[in-house]
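What you see is a predicted model, and the numbers here were worked out from it, not measured in a lab. Protein chains get the first letters and strands the later ones, always in sequence-line order, with residue 1 at the start of each. We use all heavy atoms of the structure for the numbers below, so side chains are in, but hydrogens, waters and symmetry mates are not.
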Protein chains: 2
Amino acid sequence: MTSETDPRFLRSREAILNAARELLLESGPTAVTHVQVAERAGVGRATVYRHWPQAESLLIEAMATVPMPFLDKPTIPTREWLRRELTAIARQLELDDVRAVSTTLANTALWDQNMDARRAQFAGILTDRLAAALDDAHARGEITLALTSRDAAAMTIGPMYYRSTIERAPIDSALIEAAISALGTWSTD
Amino acid sequence: MTSETDPRFLRSREAILNAARELLLESGPTAVTHVQVAERAGVGRATVYRHWPQAESLLIEAMATVPMPFLDKPTIPTREWLRRELTAIARQLELDDVRAVSTTLANTALWDQNMDARRAQFAGILTDRLAAALDDAHARGEITLALTSRDAAAMTIGPMYYRSTIERAPIDSALIEAAISALGTWSTD
DNA sequence: AATCCTATGAGACAACTTGACTCATAGTAC
DNA sequence: GTACTATGAGTCAAGTTGTCTCATAGGATT
């Protein structure tokens, strides 16, 4: 039997990941230490070291277990799809764990290459999908773009992210509507 | 002689604050420890403990020494003032230390009350000043607002902050222009 | 059931870190 | 010159970190 299929191994692994995620959520990334994770997970300290010799790798994997906001496959009309997706992201940003993961990512990525790779991947997906959806909407004549389609993520998610992490206030639908209008002139206006 | 005027005291204090700021910038908030700061500042370890018994307070004060983007007194026309100020903020966000301070603030504020107070103060100033400037522009008939004036900070600074800290890409003037247009209909259009 | 394999918890361990304290020295005011 | 006090260097106990060892027990295979 190889480690990866041993139920004892998998049980410990899950317990450790859950404990790490809880600690991140409750007390921040600095709380994700081998000792604290072991206590919270109810496993031996040595077990945590065996699974993740580096606490930082554990933090990264624990962060990856938090469901982050993404964009579903675009539907038509794009404007409705966009309204729906941005509202979903807004709701996600109200969750403590999503805020914890995104701000930890943005912060630690400045000094840590592994974190930066995760940040880049995350940001890239959002920017790409939104750009593709808008390019398509433009090709169909649904919108006349006021900016490059690759600026759309910053223009729409940016205000919500700022509202949620810097102003720490709820995201109202007016902000979402304003962001959607800011992308260009919609033919359905 | 009281401590606060003793040149020896002030010299140590400055050296410690500078070292802490450098460490934050180069290696992140976790690098701001008594030992590392003492080494970098060229002072004894005990001196750092005497000045700041809590490393976190030192981090907060060191962060406060980094010049953060604010908004100058509004001039007329508001649109020109806004373009100028947002461009200034965009330039500031390209600086490593501004990114380090703002993302550290957003992240640590989630678990630390003192940091959260700083975050709230910082966010409040930007939101208030921008709202006041836009209310004034509206009263003068320079703009018909597409959103509440208190949403303006999120709508304009948000995209730049997201671009700079999540997408980690340069802020182009098209993004700034789009944000300005998103605020409403300018009478000078 | 019996056997083998291996992940685990408990514990021991040295190396290092942390925060507190002491004291001789030297920078500064008067 | 004298008095004051911030400082660096050093000491110290308590706690933390990462590694290793070993008996145990969970789980697969027969």
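- Atom CD of Gln54(B) has 12 or fewer heavy atoms from other residues, nucleotides or ligands within 6.0 Å.
- Between the CZ atom of Phe9(B) and the C1' atom of dG8(D) there is a distance of 16 Å, rounded to whole Å.
- Protein atom CD of Glu14(A) is 16 Å distant from nucleotide atom C1' of dA7(C), rounded to whole Å.
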- Task: May I have the step-by-step check of side-chain contact (heavy atoms from CB on, under 4.5 Å) for Trp52(B) and Arg13(B), ending in yes or no?
- Result: CA-CA 9 Å; Trp52(B) 282 276; Arg13(B) 186 189 155 83; 3.6 Å; yes

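- Atom-to-atom, CD of Gln36(A) to P of dG18(D) comes out at 13 Å; the value is rounded to the nearest Å.
- Glu94(A) CD: more than 12 foreign heavy atoms inside a 6.0 Å radius.
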- Note on the structure: Per-nucleotide protein contact along nucleotides 15-21 of chain C, 5' to 3', at a 4.0 Å heavy-atom cut-off (B base, S sugar-phosphate only, - neither), is ---BBBB

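- For the pair Glu39(A) CD and dT16(D) C1', the interatomic distance rounds to 12 Å; values are reported in whole Å.
- Using a cut-off of 4.0 Å between Lys/Arg side-chain N and Asp/Glu carboxylate O, Asp151(B) and Arg163(A) are scored as salt-bridged.
- Picking from dG8(D), dT7(D), dT8(C) the nucleotide with the shortest atom distance to the side chain of Arg8(B) gives dT7(D).
- Look at His51(A) and you won't find any side-chain N or O under 4.0 angstrom from OP1 or OP2 of dA7(C).
- As a whole-Å value, the separation of Leu10(B) CG from dG27(C) P is 16 Å.
- Distance CD (Gln54(A)) to C1' (dT19(D)): 13 Å, rounded to an integer number of Å.
- Interface residues of residues 55-63 of chain B facing DNA chain C, ordered by number: none; criterion, heavy-atom separation under 4.0 Å.
- One finds a side-chain N or O of Ser12(B) lying less than 4.0 angstrom from the OP1 or OP2 phosphate oxygen of dT7(D).
- Within residues 15-32 of chain A, no residue has a heavy atom under 4.0 Å from DNA chain C.
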